Amino acid sequence: MTHVFRKISSLACIALAVLLVSCGKAPKVERGKYPLPDGVQISDCDVGKYGGIFVLSGSQEPMTFNDLVNTEASTSTIMSMMFSGLVTVDPFTMKPAPMLASSWEISGDSKRYVFHLRKGARFSDGVEITADDVIFTFDAIFAKKLDSDGNPVLDKNTGKPLLRYPSRYAGQYTIGGEPVKYRKIDKYTVEFETKIVYAPFLTDIGFVSIFPRHKLLKAFESGSFQQAWSTQTAIETPSEIVSSGPFMIYSYRPGERLVLTANPHYWKADKNRNRLPYIDFLIFKFVADANTSSILFATGQSDASGLDAGDYPWVKGFAKTYDFSIFERGPASSISFMWFNQNGGEKDGKKFVVPHKLKWFQNKIFRQAVITALDREGIVNGVWFGRGVVLNSIISGANKKWHNPNIRKYSYNPQEALKMLFSQGFKLDVSGELFDAENNRVEFSLLVADGSKNSTTIATTIVDNLKAVGIKVNLVFLDFAAIVSKIDDTLDYEAAMMGFTGGGDPSGGKAIYRSDGFLHVWNPRQKTPATDWERAVDALVDSQETTLDENLRYLKVAKMQEIFSEELPLIFLTAPMAYSGIQNKWANVKVPPLDSIIWNIEELYLKGERDD
């Protein structure tokens, strides 16, 4: 192990020297060249000094820099360092907090919201951020697809206009069956109006980053908006991707690293009116797998890292040598699961799922038997070394405000699983193989993300557990992008294993919960609910959003969780304990209950470099 550490350490030092010019000396970052905006936000953090390179590592590279098309968590993490919405959520109070909007008012009927933008706030190229950019952003979200005569193209099934640039945001901001209304009041003021009362509006409005009209209008008008700001743009002309957050792109080399540098026009400053961020460069170093990422952090080659519960014990052993701290955060707010493709559709005359398998997958008892046959406690012990919990709900227990602990739970019991299967006409032959009532061998292929040691171990456990009840599972390892393509586009798969990030208001999971959601992975984008239970969930999701009574909202969200745990469209797996590590050389570290340990990265500075 020591030999491996030394080898990786040497390679990392060489890589850092190469990517920041000769001899490892970083280019000078100019500070104080531009005046602060009139609407500057003053941070209450300790005052630090400029300088330093902050290094992060990970196995997932960005898939885009266009917020309209992004659906992937690792890409979102990178983009959160570059772009800003109107509001954000304070990770300690969980209440809305200002971003590009410095303040807002809500009408007495709670249907109209007026946002006041920061006067003088600018994109990284120096162009001012105004109401025109906000209007442009929502025009892009709701733009209708037009035919050659300029008339809206209607969906053949619903009769509603199709979107020119489909995205998750159109559904998120369709409230009470109608798109949110928006208008410019003046250069720095915009108004939104919802058809009905919508409790999480202030949370939701911050989901989307505000697009720069001056940079993306041409792509919008030409029909190429979804291709704009691609990874190729970042490689060839990074300055074209202008940011509104603390950092902007300096350079991108796929397979190696993404280098961000301080945005000279960022709208936030410290108490001495020094523009943030303090850090000169933020580097995302791309590695082969999560294990390599953990090794880099453990040996001082990266500055912060989320750590697997399985890696925590050995990484902790290097804390004194490499001077870092690790914080236990409790069970992860994310959820992990496997699921079966329940889409009964077809393409070019070929069914997405063969009929006899679709019949199994759509059978609730079959799904309940599968989860009962899985030794999920064994996964907690074998993969996470006991540092984890079994999941039973679509909302993790880490989200204490919304989690329902009183839902149906499934214990590991292979014999009970077989009883469930037998009740549905399945049978075992003399060799212990399971067949359905029509004598079809019960087997399916499971998509698994390649390159993850933990995913491989969990998938292998699933194979072994289900073999014990006669079910054959064939593992198919693909890179993450290929899996996304299958579950979101081609739909030619039988089962898959994945996870979703979590935490915060349930409105953020609407694309998963609702039957028409694009992340309703087992059968996405339904025109009408395929089942009665999905219809019931849709109604609960909608109704909980229309009351301002949080207790009533909780009861509805709790009922939704009961339905998911009964119907099991997702076969819940485990939630490891979450650990976050950071080098002790960084000051202004504030660890929140749920969010990233570097949620306030613009405020971090190197200790010993401080103005008092």
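Start at 1 with the first residue, then count along the sequence. Values below: every heavy atom of this structure, side chains too, minus hydrogens, waters and symmetry copies. All figures in this text were calculated on a predicted structure; none of them were measured in a lab.
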For the student: nearest non-hydrogen atoms of F337 and F572, plus distance: CB-CA, 4.2 Å

Donor-acceptor pair between W314 and D311 side chains, under 3.5 angstrom: yes

P506 and R553, any side-chain heavy atoms less than 4.5 Å apart: yes

Going from CZ on F318 to OG on S294, what distance comes out if it is rounded to the nearest 0.5 angstrom? 12.0 Å

Can a side-chain donor-acceptor contact be found between Q172 and D204 if the only test is distance below 3.5 angstrom? yes

Is it the case that over 12 heavy atoms from other parts of the model lie below 6.0 angstrom from the NZ atom of K585? yes

Side-chain heavy-atom pair I601, L282 within 4.5 angstrom cut-off: yes

Minimal heavy-atom distance between P313 and R387, with the atoms involved, is CG-NH1, 3.1 Å

Are any of the side-chain heavy atoms of S485 and F480 separated by less than 4.5 Å? no

Using 30° and 60° as the class boundaries, would you call the ring planes of F361 and F340 parallel, tilted or perpendicular? parallel

Could you give the side-chain donor-acceptor pairs of residues 467-479 under 3.5 Å, partners two or more places apart or in another chain?
from: N474; atom 1: ND2; to: E443; atom 2: OE1; distance (Å): 3.0
from: D479; atom 1: OD1; to: A481; atom 2: N; distance (Å): 3.1
from: D479; atom 1: OD1; to: A482; atom 2: N; distance (Å): 2.9

Donor-acceptor pair, side chain of Y554 and main chain of H403, under 3.5 angstrom: yes

Apply side-chain hydrogen bond (donor to acceptor under 3.5 Å, both in side chains) to N70 and T64, showing your working. CA-CA 6 Å; N70 173 48; T64 180; over 6 Å; no

Point-to-point distance, once rounded to the nearest 0.5 Å, from CD of Q368 to CD of E566: 5.0 Å

Does P254 reach the side chain of E61, with side-chain heavy atoms less than 4.5 Å apart? yes

Value rounded to 0.5 Å, distance of CG in N454 from CD1 in I379: 11.0 Å

Going by distance alone, is a donor N or O of one side chain under 3.5 Å from an acceptor N or O of the other, for S431 and D429? yes

Heavy-atom nearest pair, W360 first then V442, reads CH2-CA, 3.4 Å

Donor-acceptor check, side chain of D505 to backbone of P200, threshold 3.5 angstrom: yes or no? no

Tightest non-hydrogen contact, residues H520 and R514, listed as ND1-O, 2.9 Å

Checking side-chain polar atoms at under 3.5 Å, does N465 have a donor or acceptor matched by the opposite partner on D375? no

Look only at the side chain of R367 and the backbone of L568, and say whether a donor-acceptor pair between them is shorter than 3.5 Å. yes

Any side-chain heavy atom of I462 within less than 4.5 Å of one from M497? yes

Are the side chain of R168 and the backbone of A511 linked by a donor-acceptor contact shorter than 3.5 Å? no

Does NZ belonging to K590 count more than 12 external heavy atoms closer than 6.0 Å? yes

What is the ring orientation for F92 with W599, classed by angle as parallel under 30°, tilted 30 to 60°, or perpendicular over 60°? perpendicular

Taking it one step at a time, do F422 and L418 satisfy side-chain contact (heavy atoms from CB on, under 4.5 Å)? CA-CA 6 Å; F422 294 159; L418 281 171; 4.1 Å; yes

Counting only N and O atoms by type, is there a donor-acceptor contact under 3.5 Å from the side chain of T574 to the main-chain atoms of P576? no

Taking all atoms of both residues into account, what is the closest heavy-atom pair of S393 and Q561, and its distance? OG-OE1, 2.7 Å

For P96, is there any backbone N or O sitting under 3.5 Å from a side-chain donor or acceptor partner on D90? no

Main-chain N/O of I395 paired to N399 side chain as donor or acceptor, under 3.5 Å: no

For K316, all residues meeting salt bridge (Lys or Arg N to Asp or Glu O under 4.0 Å), sequence neighbours excluded: none

If you apply the rule salt bridge (charged side-chain N to carboxylate O under 4.0 Å, His left out), what do you find for D289 with K453, and how did you get there? CA-CA 8 Å; D289 52 41; K453 177 184 68 176; over 6 Å; no

Is any side-chain heavy atom of R257 closer than 4.5 Å to a side-chain heavy atom of F284? no

Between the CE atom in M560 and the CG atom in L540, the distance rounded to the nearest 0.5 Å is 8.0 Å

Minimum side-chain heavy-atom gap E72-I78 below 4.5 Å: no

Classify the side-chain pair N392/R376 by whether it contains a donor and acceptor separated by less than 3.5 Å. yes

Short side-chain donor-acceptor distance under 3.5 Å, T372 and E416: no

Does NZ belonging to K364 count more than 12 external heavy atoms closer than 6.0 Å? yes

dist L447:CG -> D450:CG (nearest 0.5 Å) comes out at 12.0 Å

Identify whether the distance between the nearest side-chain nitrogen and carboxylate oxygen of R441 and D436 falls below 4.0 Å. no

Using distance alone, with no hydrogens and no angle criterion, decide if D303 and W586 have a side-chain donor and acceptor under 3.5 Å apart. yes

Name all residues meeting the ring-ring contact (aromatic ring centres under 6.0 Å, His included) criterion together with F324; count only those two or more places apart in sequence or in a different chain, and write none if there are none. F297

For the residue pair Q424 and N363, confirm or rule out a side-chain donor-acceptor distance under 3.5 Å. yes

Taken to the nearest 0.5 Å, the spacing of K427 NZ from L434 CG works out to 10.0 Å

Answer whether the closest heavy-atom distance between the side chains of Y579 and S305 falls below 4.5 Å. no

Residues S423, I365; criterion side-chain contact (heavy atoms from CB on, under 4.5 Å); working and verdict: CA-CA 9 Å; S423 74; I365 305 301; 4.1 Å; yes

Looking only at atom types and distance, does a side-chain atom of E494 sit under 3.5 Å from a main-chain N or O of S445, one as donor and one as acceptor? yes

Would you say the side chains of W402 and E550 form a donor-acceptor pair under 3.5 Å? no

Which heavy atom in F54 sits nearest to a heavy atom in L604, and how many Å separate them? CE1-CD1, 3.9 Å

